[in-house]
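All residue numbers in this chain count up from 1 along the given sequence.
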Amino acid sequence: MNANQIINMVIRMVVNRAVRGGVNAGINAVGNRMSKGKGGPANQAETDAPDSAETTKRMRQTLRATKKIGRF
């Protein structure tokens with residue numbers, strides 16, 4: 001391995017860890033916000049509603065994007 005390959009490998013590892021940490025922090029923040037239950041009855045109705053086709057579509061898009069980030 002030459003120096004360029006080693007540098008690229010190290011940078012890739014650091015960026016991958018940073019992105020993964022940021023994604024995990026964001027998901028935890030959203031989870032904490034949802035569990036607090038702020039927002040009154042409108043928020044309660046939103047969380048009790050079954051998944052719609054649009055929500056499922058967004059979920060699949062997010063999963064695809066997460067897989068692409070994981071390939072970094």
Side-chain angles (χ1 to χ4, degrees):
M1 285 182 105
N2 62 19
N4 192 26
Q5 289 173 326
I6 293 172
I7 291 170
N8 284 338
M9 184 179 68
V10 170
I11 290 174
R12 195 176 299 155
M13 288 168 47
V14 169
V15 168
N16 195 2
R17 185 173 294 226
V19 168
R20 187 173 55 233
V23 169
N24 288 341
I27 290 173
N28 289 339
V30 170
N32 289 340
R33 178 180 262 176
M34 295 285 284
S35 68
K36 287 183 182 178
K38 291 185 178 178
N43 191 19
Q44 187 68 22
E46 229 176 67
T47 57
D48 290 341
D51 287 343
S52 65
E54 189 173 340
T55 305
T56 307
K57 179 181 173 184
R58 286 187 193 140
M59 181 185 66
R60 287 187 180 137
Q61 288 174 345
T62 306
L63 288 173
R64 267 189 249 123
T66 319
K67 286 179 185 176
K68 287 181 182 178
I69 289 171
R71 292 180 194 158
F72 237 126

- Message: So if I apply the side-chain contact (heavy atoms from CB on, under 4.5 Å) rule between N16 and each of M13, R12, R20, which one comes out positive?
- Response: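 Passing option: R20.
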The residue among V10, N4, I6 that forms side-chain contact (heavy atoms from CB on, under 4.5 Å) with N8 is N4
For N28, all residues meeting side chain to side chain contact (heavy atoms under 4.5 Å, CB included), sequence neighbours excluded: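 With neighbours one apart ignored, the set is empty.
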Contacts of L63 meeting side chain to side chain contact (heavy atoms under 4.5 Å, CB included) (sequence neighbours excluded), chain-then-number -> M59
Q: Would you please name every residue forming a salt bridge (Lys or Arg N to Asp or Glu O under 4.0 Å) with R58, sequence neighbours left out?
A: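 R58: salt bridge (Lys or Arg N to Asp or Glu O under 4.0 Å) contacts with E54.
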